[in-house]
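Both backbone and side-chain heavy atoms feed into the values below; hydrogens, waters and symmetry mates do not. Atoms within each ligand, like the ligands themselves, are counted from 1 in listed order.
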Amino acid sequence: MNFHVMTLFPGLIDNAMGESITGRAIKAGYISVNAVNIRDFAGNRSGSVDDYPYGGGAGMVMKAEPVYMCYKYICGQIQERNQGTAENRKPPVRVVYLTPQGRTFSQKLAAEYADEEDIIFLCGHYEGIDERVIEEIVTDYVSIGDYVLTGGELPALVMMDAISRLVPGVLNNCISAQTESFSGSLLEYPQYTRPEHWRDRSVPPVLLSGNHKKLAEWYREQSVIRTALMRPDLLENAELTQEERELADSIINNL
Ligand code: ADE
């Protein structure tokens with residue numbers, strides 16, 4: 001997976017992605033991050049990339065040409081890398097514009113993006129980006145939730161984090177990506193580690209039993225209970241047995 005980010009703050013992207021699990025995944029070659037500074041394509045000595053909006057109004061708007069030139073530069077990089085390979089015949093790379101007006105990001109969408117070879121993110125700032133360049137290059141509009149941030153960098157980081165951990169090899173424990181929250185529309189069961197007794201709380205005895213069948217049943221039951229308590233809306237799409245459905249309903253009815 002090769003992430004490309006058009007941004008005015010490449011350091012923000014590089015620093016965040018260079019830490020922890022994504023940092024290790026970059027070093028191991030499972031993912032790459034190419035943060036490109038839109039300001040490098042300003043085409044003027046002052047490096048200004050924004051201007052006043054036509055029609056007036058508060059704030060500044062990012063100009064079309066620097067964004068477009070930055071996009072063409074990244075396309076050139078991708079094309080050069082794919083020269084003479086089968087990748088060259090692939091459909092055009094998806095360009096994701098981070099905006100509160102987009103479709104809400106989800107685990108399902110993360111899984112869809114994880115199949116791509118390259119993704120280009122466009123991070124806006126100021127009051128927005130000249131609509132003409134958005135129309136010209138953007139294929140996907142994505143929001144990370146119903147609130148407004150100062151720019152697209154944090155949403156791009158959220159998306160890259162969620163996508164990266166679905167790329168084979170990034171999590172050393174491939175089971176954890178399958179059993180965790182949202183897979184199968186259920187939340188993850190609770191986890192415990194040593195000591196066995198902490199203050200006046202003990203680890204559930206089944207976890208010490210070593211009985212794998214009982215353990216699997218407990219994990220599943222806890223996932224159903226947790227989802228019914230915390231996110232009952234998710235149960236609509238969950239595949240539950242009759243018994244599990246009754247358990248969930250009894251919890252919801254007693255809330
Ligand atoms: N840019 C500003 N706010 C945003 C949000 N909630 N999601 C995606 N991009 C954004």
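Residues Gln83 and Gln79 have side chains that never bring a donor and an acceptor to within less than 3.5 angstrom of each other. Side-chain contact, His125 with Glu153: a donor N or O sits under 3.5 Å from an acceptor N or O.
A salt bridge is absent between Glu136 and Arg132; no separation between the charged side-chain nitrogens and carboxylate oxygens falls under 4.0 Å. Between Lys72 and Glu65 there is no salt bridge, since no side-chain nitrogen of the basic residue lies less than 4.0 Å from a carboxylate oxygen of the acidic one.
Short contacts between ligand 1 and Gly145, defined as distances under 4.0 Å to a heavy atom of the residue, involve ligand atoms 6 (N). Proximity to Leu98 (heavy-atom distance under 4.0 Å) selects the following atoms of ligand 1: 8 (C), 9 (N).
Linking Ile, Leu, Val, Met, Phe, Trp and Tyr whenever their side-chain heavy atoms come within less than 4.5 Å puts Ile134 and Tyr73 in one cluster.
Ligand 1 lies within reach of Val142, whose nearest heavy atom is under 4.0 Å from it.
Shown here for Val138 and Asp140, the closest heavy-atom pair between the two residues is CG1-O, 3.4 Å.
Looking from atom 7 (N) of ligand 1 to the surrounding protein, the closest heavy atom is Ile144 N, 3.0 Å. Nearest protein heavy-atom neighbour of atom 5 (C) of ligand 1: Tyr147 O, 3.8 Å. In terms of protein heavy atoms, atom 3 (N) of ligand 1 is closest to Leu149 N, 3.0 Å.
Contact annotation for Pro155 and ligand 1: only side-chain heavy atoms (C-beta onward) come within less than 4.0 Å of the ligand. Contact annotation for Thr99 and ligand 1: only backbone heavy atoms (N, CA, C, O) come within less than 4.0 Å of the ligand.
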